[in-house]
Every structure is written in C-alpha cells, then in structure tokens.
**Q** 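What follows is a structure written as structure tokens; I'll ask about it next.
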Amino acid sequence: MKRVGELTILVPVDVSEAEPPGLDILGDLGAVEVVLLGYFPVPDQAEPALLRDQYGSTAADRLDALAAEHGTSDEVLVFTHDREATIDRIADEYSCNAVLTGGRATTADRVLVPLRGDVNLDRILGVVADLLLAGHETATLFHSVAEEADPSQGELLLMGAVDRLVEYGVDRDRIDWQLAEGSDPQADIVDLGAEYDIVVLGETEPSLREQIIGDVLSEIVDTLEVPALIVRDVE
Amino acid sequence: MSGEGGELERTLGFVEAMTLGGGTMIGAGIFILPGIAAESAGPASSISYAIAGFVALLAALSLSELATGMPIAGGSYHYVNRALGGLFGAVVGWGMWTGLMFASAFYMIGFGQYLVEPIPFLDGRAFIVGLGLVGLILLLGVNYYGTEESSAFQNVTIGTETVIILVFVAVGVFFIDAGNLEPFAPFGTRGIVATTGIVFISFLGFEIIATVAGEIKNPSRIIPLSMILSVVLVTILYVLVMLVSTGVIPFESLGESPIPVSDVAVVYLGSAGVVAIVFAAIIAAISSSNSSILAASRVIYAMGRDGVVTDWFNASHPRFYTPHRAIAATGGVTALLILVGLEVETIIALLAEAASFSFLVAYSLVHVSLVVFRRADPDDYDPSFALPRPLYPVVPVLGVVSSLVVVSQMANVVVVIGSAIVGFGVLWYAAYTRGRVVSEGLLREAIRGPPAQPFRVVVPIANPATQRGLLRLAAASTHANEDRGTPELVAVNVTAVDHPSPLQNVEAERADHQRDLLENAHDIATQMDVTLRTKAVVAPDVGEAILDVIEEEAADEVILGWDGTLDRDGYVFGETVDPVVQRAGCDISLVDLRGESIGEPVALIAPGPNAPVVAHQAVEFAAVDGTVPTLLNVQSPGSKPDSDAEERGRAVIADAAAAAGLEPVEYDVEVVVDDDVGRAVVDATSRYDTVCVGLSGRSEGGRIPFGTVTERVVNDVPGNIVLIRGSEPA
C-alpha cells in the first residue's frame, strides 16, 4: 500500500507579528504538501474589514516572503475573530490532513507519536506513515497506561500500530515504541516531547467540559516546546 | 494567492447572532423602564412594549432584506447612505452614533441604580452616577485593549440572564392579582403611545445583527432569521415581564421604584430572587452597554469609510488592533452623558427617549431606503431575502407611519434634542461632507423607475446566403415579444483566429467579409423595421465567443443557423453549435433553412418543459409570412378507442398553448393517431414549410440528448427545420 503524496499539512502563521516564526522544520519534512495560512487575529472590538484596510498589504507581504522562503504549495490570508474556526475552515477547503502548530525546531529527525487508544488511530498512523515515507525521520510510538492497569493491552496497541506502519511500507528500523506507566499521561507526553523534534497528536471532538475550560490537546500543545502536528479528526 | 489583501472570516453563526441581538436587547431596558412605563401608561404599558416590538419588527423585516442585499459593516447608516445619499447618510450616521451613546449611558446609569438601591447605606445620585462611570471606564478599558473569542463566555452569561427572567415570569404569573390590572389603561391611548417612545430603546439590539452583517455565516438565512426571531421572542418576553410586574405590584408603587423588577421579585422569590435579579440586571447593563459601544465604533468606521467623517477615527491601535480612537471618542461622550445625571433627575427617561428618537428616525429612513432600492434596482443589489408581497410595500409604508406616530407623541424636550441632532447632521453634511462624498444616492433612479428592459435576440451570422432568413426569423421573434420589452436584435459575427492579438490584424480578406456581413445585416434590419446592433468579434473559439456575447447582452433568445447534419466528428450538431446549445442560459432556436420561405409552420407538441416555448416560437415564425401555425400532436392509439387518443392529444396541445399564453385563434390544431409515431410525424410535418421541434434541455454526461423522432424529422422532412430548447435556470 503506497501512501506517499497524500499528506497535506496546514501551517498557520500569525501575520500580525513582524518577526516570522521559525518554520525551518518545513524544509526537513521531505516531500509533503504545505498550505500556509496567514491569519491576522482581529479583536472582538474591531471590524475585520478595518484591519484589512489598514494591514492587508503588510500582512500579504509577510506571507509572500514566508511562502517564497519555504516553497509552499498554497497560501491564504485571513482576517479573523476566531483563529480556530479559520484553521478548521481552511483545512477543510484545502483538504489538509494535519495542522502544524506550536514551538520551534530546525530539523525533523525524531518523531514522537503518543497514542491514546483506538481514538482516531487510523488517521494518526496514516499521517505518520506519510511523514516517514516522505522524509528521513524515525518515530517512537508512545502509550501510557494507568499504574494499576494491565500493561499487555497497551503493548498490543503499540505493536499493532508498528505493524500497520510496516504494512504501509515504512522500514521497521525507523520505528520503535515505548510503554509508560503513570497517572499523568499529559505530563509524560510533555516531558518526553522535549527529547524529540516534533510530536504527532490526534485531534478529538472536545467534550462540553473541554469547550468551556479548555481541552487537553491545546494544553499539551501550549506546554510543548517543539512543534506539534495535529492530525485532524474528519472524514 | 494573497492578493486583494486577504479574506475576512465569517465567525458568527445562528447562536452567536441570536445572543448578540438578544443579549443587547435584553438589557437595562427591561430592568429599569418598567417603573417609568407603569407610571405613564399603567398596566397597559405591556401594550406599549407590544407596539414598540411591532415597530421594531417592521424595521427588522426591512433591514433583513437590505442586509442580505449588502452584507457589509454599517447597518442602517450604510443602507440610507447608499439609497438616499450623503445628506441623509450624515443624518442617520450621526443619529445612530449619538443614539448608541445615549443608550450606553442609559444602561450604565441603570447599572448604578441596581447596584446602589438594594444596599441601604449607599444612596444618592452621586453614587449611581459614580458607579455608572466606573462601569463605563472598565468597559472602555477592556475594549481599548481588545478581547478575543469571548463568545462562549457571552453565551453563558446571556443564557443565565435569560433563565433568570424566564423564572421571574414563570413564577410571577401565579402571583398576579387581577385587581392590580384594573383599570388597565388609566392614561388612555395617548399614555400608551407616549410610553412606546420611551420603551423603544429596549429593542435596539436587533440592529447590531445588521451592523455586523459582514461577519455572519450564511448571511442570507441567518440574518433575517435571527433578526426577526430575536425581536419576536424579546417582545413576548417584555410583554410578559410587564404584565407580571403590574399584576404583582400596583402600578403606582411600581412607578416610584428605580429598580422595579427587583421590587416585584422580592414579593414571591424572596431575597434570593432579588440577588438573582440584581445579578441579571448588572449582566444585562454591561452586555448592552458593551454592544452599544462596539456598534457605535462600527458606525463611525463605516462613516469614515464613506467619507462622511474623517477616517482619523478608523485607525486601529498599532498593538491591540482595536479601533481605539472610535472607542475613546464614544466613551468620552458617553461619560459626559452619564455625568449629566448628576444634575438632571429624569436622566434615565430622557436618555431612553432620546436614543429611541434617533433610532425611530433612522428606521423610517431605512424603510424609505428599501423602497428606493426596490425602485432603482441597482445591479449590485440582489438580496437573497426579499420581502414577499404583500409584506412589500406594506412593511415599509406601515414602518414609516408607525415610527412617525410614536415620535409625534414624545416629550417636547426629547423632540427638541432629537431634532437638534438631525439638524447637526444636516449642518455637518453642508459644512464637511458635501463636496467630498461621492455617494449621490439612488433617489433619482428610484423616481424614474428601472430602465425599460429590452427584449434582445442574438443572431450569430456567418453565411451571406442564410443571414437574411435568420434575421427575418429573429425580427419576427422580437416583434412577437414586444410586450416583454423593447425589441432589439444583436447580429454577431465571429472571426476565428488562433491567437487573437491587438497587434496583429486579421487578414484583410476575412475582415472585409466580416464587415460586409454586418453591413448587410443593417440593410436587412432597416427593411424589417427593427433596431439592430452588430458586433464583430475576433476569438479563438467561435462557440465560446457566442456564449460570451449571449451573456454580455443578457440575451432573451438566440437564433442560430445550422446546416442540418447530425452526428459528425463526435458532435451532435457541430463543434461550434454544441457548446452554445449546452450552456446558453436563454431560449435557443437552431435553424436549418432549406426552403425559400418560412411559410406555414407546424410545431410538434409533446408533453414536457419545452412544449410552450415550441408553440410560442411557431406563432412567432408564422408572423414572418403572415400565416397561422399548426400545433401538431401525434398519439399512438394504445388499447383505447381512437377518440380517447385524439382527446389526449388535444389536451396536450391546449396545455402547452395555455402555458405559452396563446389565444386559440392564434393557432390551428392537428392530432394524428398512428401506431408508428415516427413515420406519422414525418408524414404530417412534411406537408408544412417549416417544422418546429423541441429539444430536451437536460444534457447529462455532456452529451445533448436527441430523440429518434427528432432525428427522423431532421433527416426525412424536406421543409425548414427549427430545433428549439427553452431557457434553463442557470
């Protein structure tokens, strides 16, 4: 099964900032399609059109410069009250499988892939396979089980996942896995993430509680120092 | 691909639009005004709320159409400025801006009253005004620095506030003392109408939805739905609150209270009820005041954009990206208005009425603007929500009348203040705006009415031998449709060139040919007494060029010559004709002129969408030689006796003729009953000079469907053949 060429990554960039963020990692990801989304956050108080009148050309120039530097396949400039809504809409429009966010990294040699269970597993593994087949990275699959729980369930999940990646055509030498025991998988991911260049996370439908007080995923992304590649949860 | 300066995200869905509209409306208006309303209209003040709601609903209806026609920032101001020009634009712009500031000051004083009154040791106007100012300054601070994505928080607070009011009403209904509602209208009709002017301010929020029209998703659906629904729901809520309030407490004592709703709640909900109501009142005051400040800054933005005021206001803060100057200016004037409260005891009613006055004037001009837009019908005005008849023109007419009636009953001092603001708008226009603003409005176009529509027939011509016949058919067609518009013929000749370039001339010979053709067309048109324009086009693809002309000219009909051959080189009619038949959005007649004259036409009528067009076309073509066409239907006998089949055929023809609007004297009827339909058609039509046949309009899979009967007619009938396809909805 050949999957290369299907991976399209959306890279959102805040174009209201004068200093462009470090996107060097893009050059190291290999042959993936990149859609560059330049978003200009508009406060509730302002009319988006007002900011476009005033900053439209500056923002477009910044975006063009970034696009030229990193050779992206598409670029979009949006003035928005709601960054998340814009990311979702543009990711849909350009059929992006994943969204790159978060911290800085210059190379992409080692990829951490925390797996939560069966949630979104197919899509995460598909993206990881594409990523590995397009570039030269090695990946570590990671799963955390509760202290009291039976670890064999987690081992099964990880080994199955490795097999799937091999089926997709990834060299077995480039994948390993790690099973952890702990009460706080969130902290484990953040700690472990520091040793890697990029973390691949699966997006999940936020629960009502998460919608109000903030979801686990964005907490992890905010604390991570390295970039996160968020696999979208859409058909 | 970032040209044009970028996209604007539409972030407001139905829920957000409803909370925005409802949240702004359910504000201090319902927590403070019941006292003043009860004082001036008694229990009948619920009627005042109902009337105010009705006036607001009329405005919401007109605004919905305008907002879906022009979903950009500015709301009422923008529509009036477009429709009635800079003078009225300035009046409404300044009126809305000051009105929103009056409203904002009103909300913040109400906020102060609700904080001060329940606590015994705090008292006095100074405290109320002071708290109002503190609240305002906090709001200004927040808005100056800017907030992001606070809609979830707003949804929760406005939801809580609404629930508290619902509980207040639902429980209160059981505590209504019928005796309190007698007499129901102690101050009569005048009292009710005068109170309407005071409480109208309680409905200001729905307008916000139009002000942010540019940010609403799926605007054609959500704008009208949320505006109309929020006004209706809020009106019902207000009427109930008023009935409960005047039913639980005698209106005289309600009138003396600065915090009437809380005084009512204490009767049956105890101190917990008071706390809840005070909480809701504070939330309401803050959210309403906040929305008003933001709406005011958007009005200023729109006025600056159109040049009605300086666009100095339109700069946004270099770091916070908020329209800080507009917010600061709005806040400064609002603070002054709150301070007036130190001196003027009736400040609350005054502010409420002044805001209502400004908006009633604005809405009556909005109604006028709707009429102007409908009459002038500018090209870029294409509202996806249009008021159906008889709502149009009833809504705008009733809207203007009712707004003026309410305004006429307002207190003299308010009429003076309001008129002064209108006068300021006029002076502003004369002194500042005039000479700078481009917008002249559409008034002149509206009075003249929309320009007469031509009925335009496009005739592509290429062959000197057939052009005369084609033009004669086209001329007959335009004359027959004179009731649909001024007849106009457009003859077009396309010279095919691989790479058209302005630097390279078409070979002289072909250019001469084109010129001769079109000059001849002019001669023919003069003989036939029809207006003709000619177009000479040089393009790589003849079919595409013809389609472009059809679109540019907004053609009603195309008459296209064709050589009568079918199925050649993979095309049904030919390389040039096929794309035109497939994609042109108007009626098409495909003509193969075989005989000398058009003579007596026959139209083959089969049930289907094309039948009326075919029948009508036959009548038009018959006019060329002054004959009467025959409408022909062929039936196979089936198992029933012949007379049934004959009747069926007559019914089909009668239906088609009726749908085409033809009188029975305009055509003859012929029904043939035969087992072999194809042969019968050929036999019957061969007796006529010209045969009109329908062509199915649906082309699936890129191929033009072509029936076997049609094919036999084309191949076997000696007369002129006209294949007709009706216009499809684009």
Side-chain angles (χ1 to χ4, degrees), chain A residues 12-18 35-68 72-90 93-94 206 208-214, chain B residues 1-13 16 20 72-74 139-140 142-156 211-215 217 290-291 293-295 297-302 304-305 311 313-324 326-327 330:
Chain A
V13 180
D14 182 346
V15 283
S16 69
E17 310 268 345
V35 175
L36 191 62
L37 163 64
Y39 65 90
F40 198 112
V42 180
D44 284 345
Q45 284 70 19
E47 182 80 25
L50 163 66
L51 293 193
R52 182 174 64 178
D53 290 351
Q54 209 176 340
Y55 299 102
S57 55
T58 321
D61 290 347
R62 282 177 191 160
L63 188 63
D64 287 343
L66 276 177
T72 55
S73 51
D74 273 303
E75 22 169 330
V76 201
L77 177 61
V78 184
F79 289 79
T80 180
H81 280 307
D82 185 344
R83 169 179 173 272
E84 304 297 328
T86 302
I87 291 177
D88 276 347
R89 180 176 66 84
I90 299 295
E93 264 173 35
Y94 290 81
L208 185 64
R209 190 184 135 272
E210 287 182 329
Q211 282 179 7
I212 294 167
I213 65 161
Chain B
M1 295 294 296
S2 47
E4 294 291 303
E7 304 173 13
L8 304 178
E9 188 76 41
R10 294 179 176 273
T11 45
L12 304 174
E16 286 83 6
L20 200 60
I72 69 165
L139 274 183
L140 290 177
V142 167
N143 285 322
Y144 193 95
Y145 285 100
T147 54
E148 268 176 56
E149 298 176 45
S150 52
S151 66
F153 175 72
Q154 275 166 10
N155 292 353
V156 171
T211 320
V212 298
E215 290 155 55
K217 294 178 202 165
N290 193 37
S291 306
I293 292 172
L294 295 187
S297 75
R298 279 169 202 232
V299 170
I300 292 235
Y301 163 68
R305 178 190 61 204
D311 61 3
F313 283 116
N314 275 340
S316 70
H317 193 281
R319 223 151 23 94
F320 311 132
Y321 301 118
T322 53
H324 59 306
I327 288 173
T330 307

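Keep in mind that the numbers below use all heavy atoms, side chains included, and drop hydrogens, waters and symmetry copies. Numbers restart at 1 for each chain; the letters A, B, ... are given by sequence-line order, proteins then strands.
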**Q** How close do Ala67(A) and Leu36(A) get, heavy atom to heavy atom, and via which atoms?
**A** N-CD2, 3.7 Å

**Q** Checking Leu50(A) against chain B: side chain, backbone, both or neither under 4.5 Å from a heavy atom?
**A** both

**Q** Going by heavy atoms in the side chains, are Val76(A) and Glu7(B) under 4.5 Å from each other?
**A** yes

**Q** The criterion is side chain to side chain donor-acceptor pair (under 3.5 Å); which residues satisfy it with Asp88(A), sequence neighbours excluded?
**A** none

**Q** Given a strict heavy-atom distance threshold of 4.5 Å, which part of Gln54(A) is in contact with chain B: side chain, backbone, both, or neither?
**A** side chain

**Q** So which part of Ala326(B) gets closer than 4.5 Å to some heavy atom of chain A, the side chain, the backbone, both or neither?
**A** neither

**Q** So which part of Leu294(B) gets closer than 4.5 Å to some heavy atom of chain A, the side chain, the backbone, both or neither?
**A** side chain

**Q** For Tyr55(A), is it the side chain, the backbone, both, or neither that has a heavy atom closer than 4.5 Å to a heavy atom of chain B?
**A** side chain

**Q** By a 4.5 Å heavy-atom criterion (distance strictly below it), what part of His324(B) contacts chain A: side chain, backbone, both, or neither?
**A** neither

**Q** Out of curiosity, Arg89(A) CZ to Asp82(A) CG, how far, rounded to the nearest 0.5 Å?
**A** 11.0 Å

**Q** Taking 4.0 angstrom as the limit, do Glu47(A) and Arg305(B) come out as a salt bridge?
**A** no

**Q** Quick check on Ile327(B) against chain A: is it the side chain, the backbone, both or neither that has a heavy atom closer than 4.5 Å?
**A** side chain

**Q** If I measure from the heavy atoms of chain B, does Thr58(A) come under 4.5 Å with its side chain, its backbone, both, or neither?
**A** neither

**Q** Do the non-hydrogen side-chain atoms of Pro43(A) and Asn143(B) ever get within less than 4.5 Å of each other?
**A** no

**Q** If you compare all heavy atoms of Ala213(B) against all heavy atoms of Arg10(B), which two are closest, and at what distance to 0.1 Å?
**A** O-NH1, 3.4 Å

**Q** Which answer fits Thr322(B), side chain, backbone, both or neither, if we ask what part of it has an atom under 4.5 Å from a heavy atom of chain A?
**A** both

**Q** On the 0 to 90° scale, with breaks at 30° and 60°, tag the Phe40(A)-Tyr321(B) ring pair as parallel, tilted or perpendicular.
**A** perpendicular

**Q** So what's closer than 4.5 Å to chain A heavy atoms on Phe320(B): side chain, backbone, both or neither?
**A** backbone

**Q** Using a 4.5 angstrom heavy-atom cutoff, name the option from Thr80(A), Ile90(A), Thr86(A) with the most pairs to chain B.
**A** Thr86(A)

**Q** Which bit of Ala49(A) is near chain B, if near means a heavy-atom gap under 4.5 Å: side chain, backbone, both or neither?
**A** both

**Q** Can you tell which part of Thr11(B) gets under 4.5 Å to a heavy atom of chain A, answering side chain, backbone, both or neither?
**A** side chain

**Q** Could you go through the side-chain contact (heavy atoms from CB on, under 4.5 Å) check for Val15(A) and Leu77(A) one step at a time?
**A** CA-CA 9 Å; Val15(A) 283; Leu77(A) 177 61; 3.6 Å; yes

